[in-house]
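Shown next, in structure tokens, is the structure this report addresses.
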Amino acid sequence: MEGKIRVKIVYCRPCGYLDRALDLARDILSYFENTSVELEQGKNGIFDVYINDNLVFSRYKEKRFPLNEEILKEIGKVSLQ
């Protein structure tokens, strides 16, 4: 892939999800060289993960947090395209 893969993690700051977002960002940056990670503060219990502006995980829809491995797998699929 020629361009960088862009990952955006939108997390609920008042809920205390920053540590979870940072942990996921650290894993992404550790496994993928050609990836940028953006953290965006949100509210109302949000924890959404976007890859190249496509929503790949929503805590609201799934009723749980993502496993880091799930997100890494999704990034891996995009990197092969």
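Predicted, not measured: the structure shown is a model, and the values here were computed from it.
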Between [atom1] of [X] and [atom2] of [Y], what distance do you get to the nearest 0.5 Å?
{"X": "L39", "Y": "I9", "atom1": "CG", "atom2": "CD1", "answer": "5.5 Å"}
{"X": "D23", "Y": "I28", "atom1": "CG", "atom2": "CD1", "answer": "10.0 Å"}
{"X": "K77", "Y": "I5", "atom1": "NZ", "atom2": "CD1", "answer": "13.0 Å"}
{"X": "E40", "Y": "R13", "atom1": "CD", "atom2": "CZ", "answer": "13.5 Å"}

Is it the case that one hydrophobic cluster holds both [X] and [Y], taking links as side-chain heavy atoms less than 4.5 Å apart, direct or via other members?
{"X": "Y50", "Y": "V37", "result": "no"}
{"X": "Y31", "Y": "V56", "result": "yes"}
{"X": "L67", "Y": "Y17", "result": "no"}
{"X": "V78", "Y": "V10", "result": "no"}

task = Show your working on salt bridge (Lys or Arg N to Asp or Glu O under 4.0 Å) between R64 and E70 and close with a plain yes or no.
result = CA-CA 12 Å; R64 63 179 179 83; E70 290 177 287; 2.7 Å; yes
key: Flag if over 12 foreign heavy atoms under 6.0 Å of NZ, K63   =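 Count over threshold, so yes.
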ask   = Is the number of heavy atoms from other residues, nucleotides or ligands under 6.0 Å of F65 CZ greater than 12?
value =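 For F65, atom CZ is crowded (more than 12 foreign heavy atoms under 6.0 Å).
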Shortest non-hydrogen contact from [X] toward [Y]:
{"X": "C12", "Y": "G45", "result": "SG-N, 3.4 Å"}
{"X": "F32", "Y": "L72", "result": "CZ-O, 3.4 Å"}
{"X": "P14", "Y": "G42", "result": "CD-O, 3.5 Å"}

ask   = Donor-acceptor pair, N52 side chain versus R6 backbone, under 3.5 Å?
value =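 Pair found, side chain donor or acceptor close to backbone of R6.
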task = State whether the side chain of E62 and the backbone N or O of R59 hold a donor-acceptor pair below 3.5 Å, judged by distance alone.
result =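 Here the side-chain-to-backbone pair does not exist.
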Between [Y] and [X], is there a side-chain heavy-atom distance shorter than 4.5 Å?
{"X": "Y11", "Y": "L18", "result": "yes"}
{"X": "S58", "Y": "F47", "result": "no"}
{"X": "K61", "Y": "L55", "result": "yes"}
{"X": "K73", "Y": "I71", "result": "no"}
{"X": "E74", "Y": "I51", "result": "yes"}
{"X": "D48", "Y": "F57", "result": "no"}

inquiry  = Once salt bridge (Lys or Arg N to Asp or Glu O under 4.0 Å) is applied, do any residues pair with D19, and if so which ones, sequence neighbours excluded?
reply    =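 Residues passing salt bridge (Lys or Arg N to Asp or Glu O under 4.0 Å) with D19: none at all.
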